[in-house]
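Written out below as structure tokens is the structure these notes cover.
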Amino acid sequence: MNDTGTKLVWRGIPGLHPNTYTERDQWKGGWFTGVSTNNFACISVAEKTVEKEFSPSISQLLNHPLALVALVPKEAALFSAGAIAGAASKTFTAPLDRIKLLMQTHGLRVGQESAKKGIGFIEAFTLIGKVEGLKGYWKGNLPQVIRVIPYSAAQLFAYETYKKLFSGKDGELSVIGRLAAGACAGMTSTFVTYPLDVLRLRLAVEPGYKTMTEVSLNMIREEGFASFYNGLGPSLIGIAPYIAVNFCVFDLVKKALPDKYQKRTEISLATALVSATIATVMFYPLDTVRRQMQMKGSPFKTIFDAFPGIVARDGLSGLYRGFLPNALKTLPNSSIKLTTFDTAKRLIAAGEKELQKFMEENGKKQD
């Protein structure tokens with residue numbers, strides 16, 4: 001046997017007579033079969049048999065469980081890591097998200113009957129506790145978690161896929177390529193999960209609803225199916241540059257650091273915090289616009305109506321209503337998500353090295 005793992009095997013074939021043809025189905029164990037009409041010869045070329053013959057033993061896997069990670073398909077591992085990280089971070093920051101939504105939509109909900117168009121952080125926090133109690137801070141979190149599991153998983157997985165798509169012939173990815181990959185990943189995940197985002201908003205800010213089913217049926221009956229995609233335009237426009245900047249800055253800063261710092265969790269958290277802060281400050285007004293377009297009875301049909309409408313009613317500061325709780329929510333949320341994903345990729349790479357080491361050791365023993 002040579003290093004490529006190719007074997008030359010001679011087999012006796014009982015009942016075979018010269019000058020006869022043999023069907024290929026008789027030799028299912030071989031990859032290639034050649035048959036002669038006179039003197040018969042059969043050659044089987046077995047490729048990559050090392051994977052079966054040199055696979056790690058149970059004892060090796062138990063002593064080095066990291067190798068088990070390599071046995072899970074890489075795509076499935078990354079998808080699962082993104083889903084778990086997204087669900088945990090969203091649940092942890094749900095109260096801040098509820099406060100942000102109330103602050104963003106207060107002016108539209110009270111209408112013209114109230115002279116007070118804005119509501120502060122402390123006032124919103126107190127109002128939720130007074131009217132709905134402790135569980136009110138997590139109202140609408142279930143559809144948020146249901147949404148964020150496929151959203152985070154699809155976003156992170158799509159980003160890795162788009163990076164491969166936009167990389168050059170040498171495998172390197174330019175800054176423009178990273179931005180394009182992040183933008184496409186953000187739009188892909190947003191489009192797929194957008195109806196759940198609308199349901200979460202309605203359940204969180206509109207009184208009288210208790211379940212997602214109730215909200216869904218009412219929306220279909222009164223507003224039609226298209227209402228599940230109200231505000232999709234500004235959402236895509238807003239999420240594309242946000243994710244592009246967030247992911248691109250994170251990748252570039254990590255890449256610029258010395259190797260010994262790139263693998264440290266606290267460095268990943270700090271890097272993710274910086275990238276999320278830059279992206280949030282730049283694109284928060286688009287988030288306010290889409291939230292108000294998602295509201296039932298919203299007077300805004302396009303972003304060109306919404307921007308001047310919000311400024312006329314609430315002033316320029318109206319575009320940044322809810323920014324503080326959003327920053328308190330988004331920054332740790334994004335940091336946890338990106339750090340978890342980065343850690344998962346390192347674990348997968350380490351697991352693959354462990355598995356390869358065992359296979360090489362087992363191959364040497366068999367030789």
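When all heavy atoms of C184 and T188 are compared, the pair lying nearest together is O-OG1, 2.7 Å. When all heavy atoms are compared, the tightest approach of A244 to A183 is CB-N, 3.7 Å. Here the closest non-hydrogen pair linking S335 and A272 is CA-CB, 3.5 Å. Contact record, I243 with G186: CG1-CA, 3.9 Å, taken as the closest heavy-atom pair.
The other members of the hydrophobic cluster of L165, by chain and number, are Y162, F166, L173 (side-chain heavy atoms under 4.5 Å, ILVMFWY only). In this structure, L273 belongs to a hydrophobic cluster whose other members, linked by side-chain heavy atoms under 4.5 Å apart, are L331.
Checked for salt-bridge contact, E132 and R98 meet the test: a charged N lies under 4.0 Å from a carboxylate O. A salt bridge between K255 and E172 is present, with a side-chain N of the basic residue lying under 4.0 Å from a carboxylate O of the acidic one. One finds no salt bridge joining R202 and D197 here, because no Lys/Arg side-chain nitrogen approaches an Asp/Glu carboxylate oxygen to under 4.0 Å.
Qualifying side chain to side chain donor-acceptor pair (under 3.5 Å) partners for R178, counting only residues two or more places apart in sequence or in other chains: D251. A search for ring-ring contact (aromatic ring centres under 6.0 Å, His included) contacts involving Y159 returns F247, not counting sequence neighbours.
The distance from the CG atom of L324 to the NZ atom of K100 is 12.5 Å, given to the nearest 0.5 Å. Note that OG1 of T339 is 3.5 Å distant from CG of L269, once rounded to the nearest 0.5 Å. Remark: T213 OG1 to N218 CG distance equals 12.5 Å, nearest 0.5 Å. Taken to the nearest 0.5 Å, the CD1 atom of I128 stands 11.0 Å off from the CG atom of L134. Distance CD1/I239 to CG/L286: 10.0 Å, rounded to 0.5 Å. Separation of atoms CD1 (I310) and CZ (R313) is listed at 6.0 Å; rounding is to 0.5 Å.
By the criterion of side-chain heavy atoms lying less than 4.5 angstrom apart, applied directly or through intervening Ile, Leu, Val, Met, Phe, Trp or Tyr residues, V249 is grouped together with M282 in one hydrophobic cluster. Under a hydrophobic clustering in which Ile, Leu, Val, Met, Phe, Trp and Tyr are joined whenever their side-chain heavy atoms come within less than 4.5 Å, directly or via other members, L96 and L127 fall into the same cluster. L199 and L217 are not part of a single hydrophobic cluster, where members link through side-chain heavy atoms under 4.5 Å apart. In the hydrophobic clustering of ILVMFWY residues, with side-chain heavy atoms under 4.5 Å counting as a link, L316 and F304 come out together. Placement of V281 and L179 in two distinct hydrophobic clusters is found when ILVMFWY residues are connected by side-chain heavy-atom separations under 4.5 Å, directly or transitively.
Counting only heavy atoms from C-beta outward, the side chains of S334 and L338 approach each other to under 4.5 Å. Considering only heavy atoms from C-beta on, M293 stays 4.5 Å or farther from D305 through its side chain. The shortest side-chain heavy-atom distance between E160 and L156 does not fall under the 4.5 Å cut-off. Side-chain contact between T288 and F323 is absent, with no heavy atoms from C-beta onward closer than 4.5 Å.
A distance-only check finds no donor-acceptor pair linking the side chain of W138 to the backbone of A94 [under 3.5 Å]. Between the Y137 side chain and the F125 main chain, a donor and an acceptor come within less than 3.5 Å of each other.
Residues in residues 266-285 take part in these side chain to side chain donor-acceptor pair (under 3.5 Å) pairs, two or more places apart or across chains: Q104-Y284, N246-S275, K254-S268, R264-E266, S268-D342.
Between the side chains of R321 and Q292, not a single donor N or O lies within less than 3.5 Å of an accepting N or O.
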List the atom pairs, donor and acceptor, that lie under 3.5 Å between side-chain atoms in residues 224-238 and the rest of the protein, sequence neighbours left out.
from	atom 1	to	atom 2	distance (Å)
S227	OG	G224	O	2.7
S235	OG	Y194	OH	3.4
S235	OG	G231	O	2.8

> Can you check side chain to side chain contact (heavy atoms under 4.5 Å, CB included) on V253 and V274, steps first, answer last?
Replying inline: CA-CA 9 Å; V253 172; V274 171; 5.7 Å; no
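Heavy-atom neighbours of F307 CZ from other residues, nucleotides or ligands within 6.0 Å: above the threshold of 12.
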